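Note that ligands are numbered from 1 as they come in the structure, with each ligand's atoms numbered from 1 the same way. Quick note: numbers below take in every heavy atom, side chains included, and nothing from hydrogens, waters or symmetry partners. Just so it is clear, the structure is predicted and the values come from calculations on it, not from any experiment.
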Amino acid sequence: MKLWGGRFEKATDKKVDDFNSSIRFDQRLYKQDITGSIAHARMLGKQGIISLEDSELIIKTLSEILTDVENGKVEFEIDAEDIHMNVEKILIERIGDTGKRLHTGRSRNDQVALDIRMYVKDEILEINKMLSELVETLLKLAKEHTRTIMPGYTHLQKAQPITFSHHVMAYVNMLLRDLDRLTGTYKRTNVMPLGSGALAGTTHPLDREAVAEELGFGSVTMNSLDGVSDRDFAIELTSNLSLIMMHLSRFSEELILWSSNEFRFVTMDDAFSTGSSIMPQKKNPDVAELIRGKTGRVYGSLMALLTVMKGIPLAYNKDMQEDKENLFDAIDTVKLCVPVFNGMVSTMKVNKDIMLQGAKGGFANATDVADYLVKKGVPFREAHAIVGRMVLFAEKANKALDDLTLSEMKECSEYIEEDIYEAISMTACVEGRSLIGGPAESAVLKSVEVAESLLKEYRM
Ligand code: ARG
């Protein structure tokens, strides 16, 4: 019989049992569920709501069940519906009537809210660790390549020279914000809902704060309806995960492009590449492509969660059981992607010479010619037009700007002197941009320093 079977005259239809049951996917919450129940049982005993003996027997048996689950000795049952009732049922099978006292002053509604919050907290810590390790890898790369000049792009057209270090640091800054967001979500998840009951709390004198303390929560929820009704913390995490994937996906896209024969800016390590079943020459960036592809499923989870929650009245509704698979899948996907992305970027070869060649083509120093003229007194808008004509001339002559002779340049503007060549060299273009946040070596090293201290702050 069902734990809630008292008021029913018929058994549940088999199809409904299968349909209703969440044990297939919520069994991964077993540890949070049992640990939460142990804290609840201890508190019930201390408060005299159940006897101390009962409390101790329940705690001891729950610990044994936890060990048994971990050793694969427990089989969960579909018709016990979910992890919460499976554990309770096993407890009652083992210690009879005493086990029936565990659920005093509690509902599955606050129980599941507790379990998911505990789960989300644990997972945030793991993801924070993986992401911090990735940031470390990127910082290392950035420090190695402060003089590795490459073209920067807008519209995927060569724009201005930067360094590989500067490019990598752009992603470091994005991932640091991701880490910061994770710590914020952790803070809001770290609130203990048990004691909310089904929706209206309970008449039993629970000590909510003691439970929160035993389970490592910072505080308790302040409204019993809210405590069982919202999943905003799970949505927040999935939103953070979506942004992490968005960042990895953009970087992946660049690495895919850069490892093509047209670019050759990077060479992926063999251990992080795959071959073709028909074309013997192929070495494909599957890892980066799969990360880009998996981004979509994390976005999908976010949209699914938002949609599940948008129309349901307070308090608990069974719709909310649909939170789990999406949340779990988003978490699993990110935990799969971050370490493999880390491995891929830490083993790839950076082809400095080709990057430099790339920076030299495509008139990436045109702005610097204009800035040169401005420094000689020409108004910027005029300088822009002069250099535009110079580019047109160089393009027709099939030359780079710095390959033009001084007299060719002088035809465009009499202000141009011999010192132009030094002023528009790739190194000068990069090193001249030494403002805070710029690509010059000194500025990048400063940004590395700031990033390192932020990483320390956000690491959990
Ligand atoms: N399996 C349920 C879920 O995941 C647990 C809560 C069930 N509560 C209820 N009143 N049916 O949401």
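When hydrogens are left out, the protein atom nearest atom 11 (N) of ligand 1 is Arg108 NH2, 3.5 Å; that is the closest non-hydrogen contact.
Taking any N or O of Tyr316, backbone or side chain, at least one lies under 3.5 Å from an N or O belonging to ligand 1. When only interatomic distances are considered, the shortest N/O to N/O separation between Gln321 and ligand 1 falls below 3.5 Å.
Close contacts of ligand 1 with Lys324, meaning ligand atoms under 4.0 Å from a residue heavy atom, involve 3 (C), 4 (O), 12 (O). If you number the atoms of ligand 1 from 1 as listed, the ones under 4.0 Å from a heavy atom of Ser22 come out as 1 (N). The distance from ligand 1 to the heavy atoms of Asp82 drops below 4.0 Å at these ligand atoms: 1 (N), 2 (C), 5 (C). Annotation for ligand 1: atoms under 4.0 Å from non-hydrogen atoms of Asn109 are 8 (N), 9 (C), 10 (N).
Looking at Glu81 and Lys89, no side-chain N of the basic residue comes within less than 4.0 Å of a carboxylate O on the acidic one, giving no salt bridge. A salt bridge links Glu144 to Lys140: one of the charged nitrogens lies within less than 4.0 Å of a carboxylate oxygen. By the 4.0 Å N-to-carboxylate-O rule, Glu123 lies close enough to Lys335 to be salt-bridged with it.
Looking at every heavy atom in both residues, Ala198 comes nearest to Val228 through O-CG2, 3.5 Å.
For the side-chain hydrogen bond (donor to acceptor under 3.5 Å, both in side chains) condition, the pairs that include at least one residue of residues 25-35, sequence neighbours left out, are Ser22-Asp26, Arg28-Tyr119, Arg28-Asp332, Tyr30-Glu70, Gln32-Asp122, Asp33-His84, Asp33-Gln111.
Residue contacts with ligand 1, taken as heavy atom pairs separated by less than 4.0 Å, involve His84 solely via side-chain atoms from C-beta onward.
The ring-ring contact (aromatic ring centres under 6.0 Å, His included) test with His167 is passed by exactly one of Tyr153, Trp258, Phe265: Trp258.
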